[in-house]
Each structure stands twice: as structure tokens, then as C-alpha cells.
Amino acid sequence: MIFIIDSLNLREHADIVKDMFRLRKRVFADRLGWDVQISQGMERDRFDDLDPAHVVSVDDEGRVVGCMRLLQTTGPHMLSDVFSSILDGEPPLRSATLWEATRFCVDTDRLVSGRARNSIAYVTSEVMIGAFEFAMAAGVTDAVAVIDPVMDRVLKRSGNAPHGYVGTPKPMGKVTALAALMDCSEERVNRIRDFAGIYHDVTQPQTVTA
């Protein structure tokens, strides 16, 4: 199940958010070797203070098994402020209808191979579906994502291939970072759903507490 967590419901889902930051630490610091900020076993950076939307996959036992961060490009974002070398001197992308998708990861220790509900492929597709549907509902038409070559191949295999790239790939920790462009469209979502066999509503109904 996907939870969309932003400044409106952050307190309601505080435990989920903490688990999400712990997952990010295990993936980006421990497995990928990125130079990221770690505190109390959690990976969190300054962009998490800019009211992003977090797309979080939670399994049937209430554990966070996947996530992605969505941030507007009209202000500071990772491609403009951290990965600017990818742009080769070109100005950063900025538009109210373009969101940046970063910090995507899944829990490879808890998830299995194949396409079952508790698989890496299923959770990856679930997060993507939740993110694109949320973006479209907000009037967003495109997304840019800083990814590595492995993720690029995953996207291509799962009906979610980028329609273009920005700049050129650059080294980042143990991997290479590149900026991929994707349209937020029903056609893209349908391709992902067909690949994963996911035809139900993936998103937890949203509630806002005062």
C-alpha cells in the first residue's frame, strides 16, 4: 500500500517517515556508498526540509519497503544544487509542472525476486504508479529523476523507460548518476500496471488531521 506523506499529514505518519529515513540510510549510505548525511541511523538531507511529498510503500506488516521523494523544481532541488555537474554548465530545469523524483529505493533485504506482492519488481512498480498518479492529480506533466544505470535498466524493463536524458552521466559514490526525463501520463501508468499486474488502487486514502 502506498502512502503519500507531505506537510499536511506528516505528524499522522511520523513513524512511517522515520522507517523511510532508516531504509534510505541502509540503501544510500550502506549499500551504495553515497556521501550522505546520517543521524540516529537515518538518512536525511536539507531537501527533506522543503516540504516534499514522500511516496512510501508499506507492506502488510506495516514495514516500509520502498519510497521516493517528489520535490518541485521551481526552488532548490538536487539536480540544480547537488548534481549540477550532470548539466554540463546548462541552467537547471525549472517549471511548476516539472517535479524532481529522487531518493527512490526498495528494501532488497525484505523483498524477494519475481513479481509476487512482496517482490522488488512489485514494490518498484507500486511506488512508480503512486508517484505518477499523485503528480498527475497535482497538474504535473513531467518528472526528472537522478538515477544510476541499474535503475535505468529497471525502468526500461518495466514499461517505464525515460523519454530522454539531461546532460551527461557523472560518478557518484560507487555508481554513476544520470538525469532521466519521464512524462506523467496515463499511458505510462498503464504500461507499468500491465508489467506488474497491478490494477487496483495502490494509494491509501488520505486523511488530514488538524
Any sub-3.5 Å donor-acceptor pair from [X]'s side-chain atoms to [Y]'s backbone N or O?
X	Y	result
Asp194	Arg191	no
Ser57	Val127	no
Arg188	Ala161	yes
Asn9	Ile4	yes
Glu90	Gly167	no
Ser125	Ala121	yes
Arg94	Thr73	yes

Does any part of the side chain of [Y], heavy atoms only, come nearer than 4.5 Å to the side chain of [X], both counted from C-beta?
X	Y	answer
Asp49	Arg44	yes
Phe21	Asp48	yes
Leu10	Val17	yes
Val166	Ile86	no
Glu126	Ile129	no

Reported [atom1]-to-[atom2] distance for the pair [X] and [Y], which is rounded to 0.5 angstrom:
X	Y	atom1	atom2	answer
Gln72	Ser95	CD	OG	10.0 Å
Leu8	Asp51	CG	CG	8.5 Å
Asp142	Thr97	CG	OG1	6.5 Å
Arg24	Asp19	CZ	CG	13.0 Å
Tyr165	Ile147	OH	CD1	6.0 Å
Thr124	Ile192	OG1	CD1	10.5 Å

Query - Shared hydrophobic cluster for Val112 and Ile198 (ILVMFWY, side-chain gaps under 4.5 Å) - result: no

Query - Verify same cluster id: Leu98, Leu87 (apolar side-chain graph, 4.5 Å) - result: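 Shared cluster, yes.
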
Query raised in the report: Parallel, tilted or perpendicular: which describes the rings of Phe3 and His13, with under 30° parallel and over 60° perpendicular?
Result: perpendicular

Query raised in the report: Taking the six-membered ring for Trp, are Trp34 and Phe83 parallel (under 30°), tilted (30 to 60°) or perpendicular (over 60°)?
Result: perpendicular

Report task. Tell me yes or no: between the side chains of Tyr122 and Arg117, is some donor less than 3.5 Å from an acceptor? Result -> yes

Report task. Determine, stepwise, if the pair Glu133 / Arg193 fulfils salt bridge (Lys or Arg N to Asp or Glu O under 4.0 Å). Result -> CA-CA 12 Å; Glu133 290 186 339; Arg193 286 185 175 277; 3.0 Å; yes

Which heavy-atom pair separates [X] from [Y] by the least distance, and what is that distance?
X	Y	result
Cys184	Phe132	SG-CD2, 3.8 Å
Val144	Ala179	CG2-CB, 4.3 Å
Val56	Met20	CG2-SD, 3.8 Å
Thr74	Ala96	CG2-N, 3.7 Å
Leu178	Asp148	CD2-C, 3.7 Å
Ala177	Val146	CB-CG1, 4.0 Å

Report task. Output, in order, the C-alpha distance, side-chain angles, deciding distance and verdict of side chain to side chain contact (heavy atoms under 4.5 Å, CB included) for Asp183 and Thr141. Result -> CA-CA 6 Å; Asp183 57 295; Thr141 59; over 6 Å; no

Query - From Leu155, Val55, Val189, residue fulfilling side chain to side chain contact (heavy atoms under 4.5 Å, CB included) relative to Met128 - result: Leu155

Requested in this report: I would like to know whether Glu100 and Leu93 meet side chain to side chain contact (heavy atoms under 4.5 Å, CB included); could you show each step before the answer?
Outcome: CA-CA 9 Å; Glu100 180 185 68; Leu93 304 176; over 6 Å; no

Query raised in the report: With a 4.0 Å cut-off, would you call Arg63 and Asp59 a salt bridge?
Result: yes

Report task. For atom NZ of Lys170, decide whether the heavy atoms of other residues, nucleotides or ligands shown that lie under 6.0 angstrom number more than 12. Result ->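 Yes, the 6.0 Å shell around NZ holds more than 12 heavy atoms from other groups.
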
Report task. Please determine which of Lys25, Arg103, Arg22 meets the salt bridge (Lys or Arg N to Asp or Glu O under 4.0 Å) test together with Glu43. Result -> Arg103

